[in-house]
Each structure stands twice: as structure tokens, then as C-alpha cells.
Amino acid sequence: MKILSKILPLLLLFITSSFFSSQAQVGASNQESFTSIIISQTGLDFVKDLLITKAISSIIPLALPKIERAVKIPILGNVRMVLSNITIYNIDVLSSYVKPGDTGVVFVASGTTCNLSANWFYEYTTWLLPIQISDHGIASVQVEGMQVGLTLGLETQEGTLKLSLVDCGCYVKDISIKLDGGASWLYQGMINAFEEQIVSAVENAITKKLKEGISKLDSLLQSLPKEIPVDDHASLNITFVDNPLLTSSSIEFDINGLFTARKKASIPNYYNSNLQPPVFCSDQSKMLGISLDEAVLNSASALYYDAEFMQWTVDKVPDQSLLNTAGWRFIIPQLYRKYPNDDMNLNISLSSPPVIRVAEDNIDATVHADLIIDVLESGEVIPVACISLVIHGSCSVKILRNNLGGSVKLNGFTMSLTWSKIGKLRLYLIQPVVWAVIQTVFLPYVNAHLGQGFPLPIIHGFTVKSAEIICSSSKITVCSDVAYADSDNLNQLFIPFSNRYT
């Protein structure tokens, strides 16, 4: 039904678009929590307003069953009155609120008005006359003071979020009926006898729609994937852990939150435990905050390292003379003497995943790499030396649409000779060349990919705006407002991030 495609993305915003704070454990399984999600009252109110608007537009027009009454008048005859084609065509909500509590999340819409249209029919038969007397026309119905409420229970079941309807109801305070057409003035008094039946029909229809919607919404939540694809190699694990914690002004969820290999290869734990308290936005008026622990970033680093994506062959540099032994004749004379005027390659491969550390207003990255000098002679690749590098860099981050992007700046590096087939090397002479290679080849390549960014866990249809980035001990927090773009296509909710942000 249409209402589900409207409500589901709004409800899922509760689940994946707020405060993220890691609770990483070394050697953790998929059943441990690396991310806590806290939804503030401001975020709940924002989603509540969207949910009500979309739910109303999906419900109306809502058809009600035909109402019929027959009255037998002694001696005079029989009177039959019918209201048919009864349709709710407009609903206006005066006020509403959402409140989490011990029993669940309570949604209440009060002061609601409701407009209905209908056809009326009147028929009178009597044994005194051999004919029937009938009349018909249209009716307009105004419902006022309607209150609609429901309480939703939330719990984790086998790694997914289960939604249950704890309580649901609809109450109509007042109703007025106006007839048009025929001799409507004559029947107005009699038609008022339908008020209780119309009230009951409205209350039952609204309640039934809510129950059907919640039931099907729960089925859809149960069928949602536990991983969101990032690209062909990585997914984001969104398995729920533990039951949600409801307070008087927030809802907290725990999910795994780490990057995992789509091929289910074993990924070493290159990230450390950090049991730091969550970081909250300094501007409490922001609708949401997404606080990513460095463990999440390091899980991505470990994944792509394990997938052997961190290896490069450098065969083009701005100063191409550096890729010929003649350019090294004063730096490594023995290399030029043994391989005069031969072309070269520089192979860079990481010996371990990059380690990312987030501190107060600063992000540091440490990269351990091996630089192998290859000589190309007669179509053969000859490795002649290997230099180990420890590269230190600082990172800056920025928001690109719904992506967290950034760049790396070189702070410095150290070098040590691992092995050599051409004798001892004077590393202080090689250092400027390595510096140039890192600055002009390695960093531009890395920054080109980091500039595209990695997706924030934002549901399709929502966009962050006016974002502020805060770096604190072990966490990067994005505080922002959100905008919502309507989307009727439920299948678009979990399209791969790699397709969504290119």
C-alpha cells in the first residue's frame, strides 16, 4: 500500500541518521556494537511532521462502508435512509507530538478535522398508497476534534528491528452533516440520526488503516538487509545489537557499524578499542549528529588493505628523468654503473593498513609502506632495492552532499633500507626523490579518491545541510540539519552507495 512507501523511509531515519558513537571491542563479532545511535527530540519532531504529512496524503481518499437505516412506523409505513459513496477527502492536523517512554514511542495527533462527502437516498413506502416516495442528493460531513494516537514498541530480533503496535485508537468529538439536493431540508432532522454510525465508521476506518500499515511496515523492516553495499568490495554492517533504549527525550540504538568485505573474507582487527562517551553537537538546535569512531575508519582501511587495493606501480612522474637510471647517477652511482640508461619503475605497497587517529581538532594518519626500485632491462623487471617508509600525514574532512570526503597533507616520513642488490645506499640522498614521489604521485592519487568521499549512513531521500564537523578524542562528528526530498520508490532506499553518489 502507498502509505508504507511513505512511512518507511521516515521511520528508518530514526535508525540510521543520528548520533553515531563507537563502542569497539578488539576481536569483535557481528553481534557486538561498534556504533550507538541517539535520536534527539528535535529529530523525532522533524520526522513526526514528515510522517503525518505523508501518511495523510497516502490515506486520502479513504472510502467508508455504506450506512443504511430502516424504520417501521406503525400504521403509516416504512422509511429507509441510505448514505453511500462515503469518502474522507481531506484531513487537517492542528497539533501533534511524539514522545518516547517506557512502553514505546507514542504518536498523537489532536484537534484534527476531517471532511467527508457522500450520497444520500430516502425512500418511503406505505400500504395507504400504491406508490413509493423517494428522494436523493449529496451530503457533506464535517468531523471536528478528532484525536488519533498510537504507541509503537521497538525491539531487536535476530539483528533486525522489530516494530509492534502496543496501542492504537481514534476518537471523534463532534460531527455535523449537511444535505444538498432534492427536498433535503425535509430530511435534515432524520439524517442526523446517522451521526453515531458515521463517527464509528470514521474511527474504525482510521484505526484499521493504522494497524494494517504498522503490520506491513514491520514485515518490511524484518526483510531489510543487514548490510548496505558501499561498492563491489565493501558493505556497511547495520546489524542491530541489543534492544533500543527509550528515555523521555531520546531513543538509542546499538548497531555493529563496521565496514565488512562483501566476499566475507576474514579481516584482521587493526583497530583498537575505544570506550569513550558519545560526542554531542555544540549546537543543540541541529536536527542530527553522526559521530563516527576512528574504529569505523580503520575497519575500512583494514578491509581495502586485505583486498590488496593498496599497491601502486609508478611509471609516470612529473620529472620523467627520475624513472631512468641516468637520473640517479649522482644519487645511487652503482645503480647507474650496473644498469646504464635503463628505465625504472617504483613499486609502492603498504605493509600494513593505514592507522587513523582522531584527536581534538586533528586527524593523523600513519602509513607503513615498502618502496621497491625496479629496473627494466630487455623486457625484464629486476628489483634492485627495497626501502621501508613510515609516512605521517594530517587529514582534513569536509561534507560533499551525503559523503564525508577529505584530503591528506604530508607531515613527514622516515626511511630505512630493507634490502639491496646494489650495495649500501645513502638514504639522505634518496630522501628528496622519495619526498617528490610522495608529494607529486602518491598523495594526489590518494586525495583523488578521498575527495569523492565515503557515504554517511543517511537514508535515500534525506540530505544533510548546513553541516558542521567536529573532531574530538577518537571521533569525527557531523552536526547538521536535514532536508527531505520525496521519493515514492521503496527500492531506492538501499541502492548501492557507489551508484548513489557517483
Side-chain angles (χ1 to χ4, degrees), residues 1-4 6-8 10-11 48-71 80-99 101 103-121 138-153 163-180 187-219:
M1 58 193 297
K2 287 185 178 180
I3 186 174
L4 294 175
K6 299 288 187 178
I7 293 178
L8 183 58
L10 304 178
L11 184 62
K48 176 261 300 178
D49 292 339
L50 284 176
L51 189 150
I52 290 175
T53 301
K54 299 304 176 184
I56 290 175
S57 65
S58 299
I59 288 176
I60 59 176
L62 177 60
L64 306 184
K66 181 174 66 174
I67 299 174
E68 183 173 350
R69 291 195 68 178
V71 180
R80 177 170 166 262
M81 295 173 289
V82 179
L83 281 180
S84 61
N85 295 328
I86 309 171
T87 304
I88 299 175
Y89 65 88
N90 182 60
I91 298 176
D92 289 319
V93 177
L94 179 63
S95 63
S96 61
Y97 69 86
V98 56
K99 199 72 175 176
T103 58
V105 184
V106 178
F107 292 85
V108 175
S110 57
T112 303
T113 60
C114 185
N115 299 100
L116 297 82
S117 62
N119 296 332
W120 63 269
F121 175 79
I138 60 174
S140 57
V141 182
Q142 177 81 22
V143 173
E144 296 182 348
M146 184 170 70
Q147 180 167 303
V148 181
L150 70 158
T151 301
L152 300 179
L163 187 67
S164 60
L165 187 61
V166 178
D167 192 17
C168 178
C170 176
Y171 169 74
V172 173
K173 181 180 180 181
D174 193 21
I175 184 174
S176 61
I177 306 171
K178 181 181 178 181
L179 301 184
D180 290 306
Y187 315 114
Q188 184 68 54
M190 291 183 291
I191 206 70
N192 288 337
F194 282 88
E195 287 184 359
E196 289 187 5
Q197 289 174 279
I198 296 175
V199 166
S200 178
V202 170
E203 292 175 342
N204 291 338
I206 296 292
T207 302
K208 181 180 179 182
K209 278 291 184 181
L210 289 174
K211 290 182 177 180
E212 291 175 352
I214 297 303
S215 176
K216 292 188 177 181
L217 179 56
D218 176 58
S219 297

Student: Any idea which heavy atoms bring M146 and V202 closest together, and the distance?
Tutor: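 Here M146 and V202 meet closest at SD-CG1, 4.0 Å.
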Student: Does the side chain of V98 come within less than 4.5 Å of F107's, by heavy atoms?
Tutor: yes
Student: Within the structure provided, determine whether I175 and E144 are in side-chain contact (heavy-atom separation under 4.5 Å).
Tutor: no
Student: Can you find a heavy atom in the side chain of R80 that is under 4.5 Å from one in the side chain of F121?
Tutor: yes
Student: So, S95 versus S110: side-chain donor-acceptor pair below 3.5 Å or not?
Tutor: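 A donor-acceptor contact under 3.5 Å links the two side chains.
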Student: Tell me, do I59 and I88 make a side-chain contact under 4.5 Å, heavy atoms counted?
Tutor: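 The answer is no, as the side chains (C-beta and beyond) never meet within the 4.5 Å cut-off.
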Student: Under the side-chain contact (heavy atoms from CB on, under 4.5 Å) rule, what do T112 and Q147 come out as? Steps first, then yes or no, please.
Tutor: CA-CA 6 Å; T112 303; Q147 180 167 303; over 6 Å; no
Student: Considering all heavy atoms of both residues, which atom of A139 and which atom of L83 are nearest to each other, and what is their separation?
Tutor: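 Minimum heavy-atom separation between A139 and L83: CB-CD2, 4.4 Å.
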Student: Quick one: closest heavy-atom pair of L94 and G111, and the distance?
Tutor: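 In this case the closest contact between L94 and G111 is CB-O, 3.2 Å.
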Student: Measure across D180 and W120 and return the closest heavy-atom pair with its distance rounded to 0.1 Å.
Tutor: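 Smallest interatomic distance, heavy atoms only, reads O-NE1, 3.0 Å.
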Student: Below 4.5 Å, heavy atoms only, C-beta onward: do I86 and V141 meet side chain to side chain?
Tutor: no
Student: Looking at every heavy atom in both G153 and V166, which two are closest together, and how far apart are they?
Tutor: N-CG2, 3.6 Å
Student: Apply the test side-chain contact (heavy atoms from CB on, under 4.5 Å) to residues L165 and L152: give CA-CA distance (whole Å), side-chain angles for both, the deciding distance (0.1 Å), then the verdict.
Tutor: CA-CA 5 Å; L165 187 61; L152 300 179; 3.9 Å; yes
Student: Side-chain contact test, heavy atoms from C-beta onward, threshold under 4.5 Å: evaluate it for V148 versus L210 and give yes or no.
Tutor: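 Yes, side chains in contact.
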Student: Check the pair D49 / S96 against side-chain contact (heavy atoms from CB on, under 4.5 Å), numbers first and verdict last.
Tutor: CA-CA 8 Å; D49 292 339; S96 61; 4.1 Å; yes
